[in-house]
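Worksheet: one structure, shown below.
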Amino acid sequence: MIKKLLSPLLLFFIFIFSGFASYAQGDLMIMPKRLVFDGSQRSQEINLANTGSDTAVYAISFVNYKMTETGDFEQVEKPEKGQLFAEDFLRYFPRRVSLGPNESQTIRVQLTRTGNLEQGEYRSHMYFRAVEEQTALGADEAEESDGISINIKTVFGISIPIIIREGDSNTKIELTDFSLNTEGESPRLSLVINRTGNMSVYGYLSVTYIAPNGTETEVGMVKGISVYTPNTKRSFSFQLRNAEGIDLSTGKLKISYAEDQGDTLATSEIKL
């Protein structure tokens with residue numbers, strides 16, 4: 001793979017204009033933040049960039065997670081009922097990268113052995129684990145000879161989902177169990193996203209306040225919300241914005257869930 005040196009100006013534009021297409025944590029930036037194979041495309045690329053001032057080494061592997069109903073991830077070794085792993089049908093290179101300051105590199109991900117895939121969605125997560133540079137034995141030992149010195153270092157890691165979709169999607173979404181809490185500094189809306197069908201969903205929630213006179217005001221927007229197979233529901237709660245000066249005791253709220261750059265999958269209204 002080709003390594004590139006990023007200029008400070010290029011890094012600035014990446015941060016400003018990449019939006020939700022990138023995933024940054026620590027000094028590692030990843031673009032895009034998820035890969036989906038759902039057609040004839042057999043190969044895709046992931047771009048890594050070291051935005052820090054030190055050289056960083058990352059080991060790349062696959063891990064598998066299940067999503068809880070609250071959106072958290074728990075690592076699993078075996079798929080649960082209705083869950084399919086993608087790692088056996090993917091290959092990638094390189095498997096280890098060393099990035100100097102402001103340096104970038106491309107990881108190529110390819111489909112393999114997919115000729116007899118069953119209908120459905122397969123998902124594994126590509127994991128980028130920071131590798132601590134080794135030091136000489138005893139270099140960090142304390143000078144005291146009567147005690148024990150323990151050096152604890154945090155191991156940084158970040159993962160992104162890699163998804164293979166085989167067949168047409170019949171997934172449907174329904175929004176239920178709404179609850180509006182107007183106490184505190186900002187109103188908070190809670191709801192449940194219900195999923196049925198053979199594929200996961202990934203998109204955004206938007207909330208519009210409709211006044212009694214018909215005036216509409218957007219008061220909420222949250223991107224990057226997923227419900228992965230085999231989960232059938234996800235509980236979600238978020239603060240409403242732009243609600244200052246709006247009387248949330250009257251009128252109604254329109255809540256929509258839509259795919260990124262795609263169709264609106266569900267819309268509901270609640271009277272206030």
Side-chain angles (χ1 to χ4, degrees), residues 20-26 28 30 32-38 44 46 58-92 95 107 109-114 116-130 154-177 190-205 222-238 257-260 262 265-266:
F20 288 88
S22 64
Y23 188 9
Q25 186 171 337
L28 179 66
I30 303 175
K33 64 181 179 180
R34 64 201 305 266
L35 289 185
V36 179
F37 292 90
D38 57 2
Q44 296 192 53
I46 299 172
Y58 295 94
I60 306 170
S61 60
F62 278 121
V63 294
N64 293 297
Y65 296 109
K66 69 174 183 179
M67 173 179 274
T68 68
E69 288 190 4
T70 58
D72 296 323
F73 286 95
E74 297 177 356
Q75 188 171 350
V76 293
E77 299 299 327
K78 295 181 179 180
E80 296 188 340
K81 183 179 179 180
Q83 185 178 18
L84 300 168
F85 292 162
E87 60 180 331
D88 290 339
F89 309 101
L90 296 167
R91 62 183 179 186
Y92 61 95
R95 295 175 177 265
I107 307 298
V109 184
Q110 296 178 329
L111 294 181
T112 182
R113 298 186 298 164
T114 57
N116 296 316
L117 277 183
E118 297 180 1
Q119 299 281 309
E121 180 174 285
Y122 301 72
R123 172 175 54 88
S124 291
H125 292 245
M126 183 168 282
Y127 180 57
F128 302 85
R129 179 177 60 85
T154 301
V155 177
F156 164 79
I158 186 172
S159 65
I160 64 171
I162 312 292
I163 294 171
I164 304 171
R165 288 174 175 165
E166 184 68 20
D168 295 329
S169 173
N170 57 17
T171 297
K172 295 182 179 180
I173 294 296
E174 182 182 8
L175 306 177
T176 62
D177 301 281
S190 301
L191 70 157
V192 174
I193 306 171
N194 301 274
R195 185 199 66 84
T196 58
N198 58 347
M199 305 289 183
S200 66
V201 292
Y202 178 86
Y204 63 93
L205 279 168
V222 183
K223 295 185 178 182
I225 304 173
S226 58
V227 185
Y228 286 123
T229 57
N231 295 50
T232 59
K233 64 174 58 178
R234 176 175 175 181
S235 300
F236 193 76
S237 178
F238 62 105
Y257 182 87
E259 296 179 304
D260 285 356
L265 300 181

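We number each residue from 1, following the sequence as shown.
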For a quick test of reading the model, state the closest non-hydrogen atom pair linking [X] to [Y] and the distance between them.
X	Y	answer
P161	Y228	CG-OH, 3.4 Å
Q75	V63	NE2-CG1, 4.1 Å
T229	S200	CG2-N, 3.7 Å
V109	F37	O-CZ, 3.7 Å
K233	V192	CB-CG1, 3.9 Å
E77	F85	O-CE1, 3.7 Å

Item to check | Step-by-step side chain to side chain contact (heavy atoms under 4.5 Å, CB included) determination, Y65 to M67 | outcome: CA-CA 7 Å; Y65 296 109; M67 173 179 274; over 6 Å; no
Hey, what do you get for [atom1] ([X]) to [atom2] ([Y]), rounding to the nearest 0.5 Å?
X	Y	atom1	atom2	value
T68	R234	OG1	CZ	8.0 Å
L90	I162	CG	CD1	7.0 Å
I163	H125	CD1	NE2	7.5 Å
F89	L111	CZ	CG	10.5 Å
T114	D88	OG1	CG	12.5 Å
L205	F236	CG	CZ	6.0 Å

Next on the checklist: Does this structure show an ion pair linking E74 with K66, if we count only N-O contacts that are shorter than 4.0 Å?
Outcome noted: yes
Is there a donor-acceptor pair under 3.5 Å between the side chain of [X] and the backbone N or O of [Y]?
X	Y	answer
N194	E174	yes
Q44	V36	yes
Y202	D260	no
R113	L117	no

Next on the checklist: Using the rule given for side chain to side chain contact (heavy atoms under 4.5 Å, CB included), can you reason through T171 versus N198, listing the C-alpha separation, both sets of side-chain angles and the distance that settles it, and then say yes or no?
Outcome noted: CA-CA 6 Å; T171 297; N198 58 347; 3.8 Å; yes
Checklist entry - Do other residues, nucleotides or ligands put more than 12 heavy atoms under 6.0 Å from the CD atom of E118? => result no
Checklist entry - Any chance CG of N170 has more than 12 other-residue heavy atoms, nucleotides or ligands included, within less than 6.0 Å? => result yes
Item to check | Pair F62 + Y92: ring centers closer than 6.0 Å | outcome: yes
